[in-house]
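The shown structure was predicted, so the numbers you read here are calculated from the model rather than taken from an experiment. Values reported hereafter were calculated over all heavy atoms of this structure, with side chains retained and with hydrogens, waters and symmetry mates removed.
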Amino acid sequence: VPVDYMRGISEISTVFQIEYPTYLNGRWKRGGWWYYYFYGLFLKIPLGTWGLIVLAIGATAFRRESFDLMKDDLILLVGLLAILNFVTLVTTVQYTRYVLPAVPFLLIWGSQSARFFSRRVSVSSFAVAGCLGWSILSCLWGCPHCGSCFNLVVGGPLNGHRHMIESSIDWGQDLQYLRKWLDDHPDSRPLNFAYFGRIDPRFAGIEFQLSPSLKNASRGNGAIIPEPGWYAVSVSLLHGLPWSIHDGEGGRLVVGQ
């Protein structure tokens, strides 16, 4: 087995044992929730895709076929439950990206809804086509901001931050979009910028500063009372995520809980 492969497993196993604070549905908790990943999958996967999965369950429940095909279903089920069991019981650091390996099993299962097309045209086949179209449109609606996609149960991407933050929605992926917006709005200087990410925003051509109130609050000198001006703040930081942010001068300071 490659050495780096084993080192990667060891590093992830170490991280999983650290009880970082986890945010879910407006609450913070160390160690997270047992249902975090179920909740995350329900909100992140498009409703059209969930419709296909439900239809596939119906197609499977009423079919009369060989035991070999039932074994195929069992393989999918075992793979799905193994991943969900691992991330739910072993991880204390909870981000939806950890459960993404389970999604292919769900999608393969959902593809069985195509069985309805092997029969004559029916309400079921129209339902499959509708769910597939809905799923495609949901994905296109979220592009190119796929990381922050949420389905209509929570009102789409704009309301997703009320339920999940950090890498489930915000991983500093919008630096280039912010720079373009700044280029189109030269009057938005000076910019007070608090950024959730590891790359210094100055590498993206963004010149910024930290407001004096934020600097004072980070030193324990009171609450943040913003001065008048322009602000750009990563949504995860708005919810109190502890993070070491860039200060615009080559240094960093810790903000959050």
Legend entry - Worked verdict on W109 versus W50 for ring pair (Phe, Tyr, Trp, His ring centres under 6.0 Å): CA-CA 11 Å; W109 183 281; W50 279 123; over 10 Å; no

Inset, instruction - May I ask you to decide if W171's main-chain N or O and Q173's side chain share a donor-acceptor pair within less than 3.5 Å? - result: yes

Legend entry - Side chains of F42 and V153 in contact at under 4.5 Å (non-hydrogen atoms): yes

Inset, instruction - Assign the ring pair Y35 / W33 to parallel, tilted or perpendicular, where the plane angle (0 to 90°) is split at 30° and 60°. - result: tilted

Legend entry - M164 to L24 - nearest heavy-atom pair and separation: CG-CD1, 4.1 Å

Legend entry - Within-4.5 Å side-chain heavy-atom neighbours: D170 and L237: no

Legend entry - Geometric cation-pi criterion R198 and W243, 6.0 Å radius, 45° cone: no

Inset, instruction - On the 0 to 90° scale, with breaks at 30° and 60°, tag the Y23-W28 ring pair as parallel, tilted or perpendicular. - result: perpendicular

Legend entry - Parallel, tilted or perpendicular: rings of F208 and F193 (30°, 60°): perpendicular

Inset, instruction - Answer whether the closest heavy-atom distance between the side chains of I83 and F105 falls below 4.5 Å. - result: yes

Inset, instruction - Please examine the side chains of P21 and K29, heavy atoms only from C-beta on, and report whether any two atoms are closer than 4.5 Å. - result: no

Legend entry - Neighbour count >12 (heavy atoms, 6.0 Å) for atom NZ, K180: no

Legend entry - F203 reachable from Y177 in the ILVMFWY side-chain graph, under 4.5 Å edges: no

Legend entry - Test side-chain hydrogen bond (donor to acceptor under 3.5 Å, both in side chains) applied to H163 and Y39, step by step: CA-CA 9 Å; H163 298 264; Y39 191 88; 2.7 Å; yes

Legend entry - Non-hydrogen atoms of P157 and W141 that approach each other most closely: CD-CH2, 3.8 Å

Legend entry - Neighbour count >12 (heavy atoms, 6.0 Å) for atom CD1, I199: no

Inset, instruction - Would you mind reporting whether K44 and F150 have side-chain heavy atoms less than 4.5 Å apart? - result: yes

Legend entry - Test item: R189 side-chain N/O and E207 main-chain N/O as donor-acceptor pair under 3.5 Å: no

Legend entry - Closest approach of V235 to I169 (non-hydrogen atoms, all atoms of both residues): CG1-CG2, 4.2 Å

Legend entry - Mutual orientation of the aromatic rings belonging to H239 and H161 [parallel < 30°, tilted 30-60°, perpendicular > 60°]: tilted

Legend entry - Close side-chain approach of I245 to L210, heavy-atom, < 4.5 Å: yes

Inset, instruction - Compare all side-chain heavy atoms of W230 with those of D187 and state whether any distance is below 4.5 angstrom. - result: yes

Legend entry - Shortest non-hydrogen contact from V128 toward S113: CG2-O, 3.5 Å

Inset, instruction - Check whether any side-chain heavy atom of V3 sits under 4.5 Å from a side-chain heavy atom of M6, and report yes or no. - result: no

Inset, instruction - Mark yes or no for whether S135, through its side chain, and G48, through its backbone, hold a donor-acceptor pair below 3.5 Å. - result: no

Legend entry - Any donor-acceptor pair under 3.5 Å from S234 side chain to F196 backbone: yes

Inset, instruction - May I ask you to say whether D4 pairs ionically with R7, meaning some side-chain N is under 4.0 Å from a carboxylate O? - result: yes

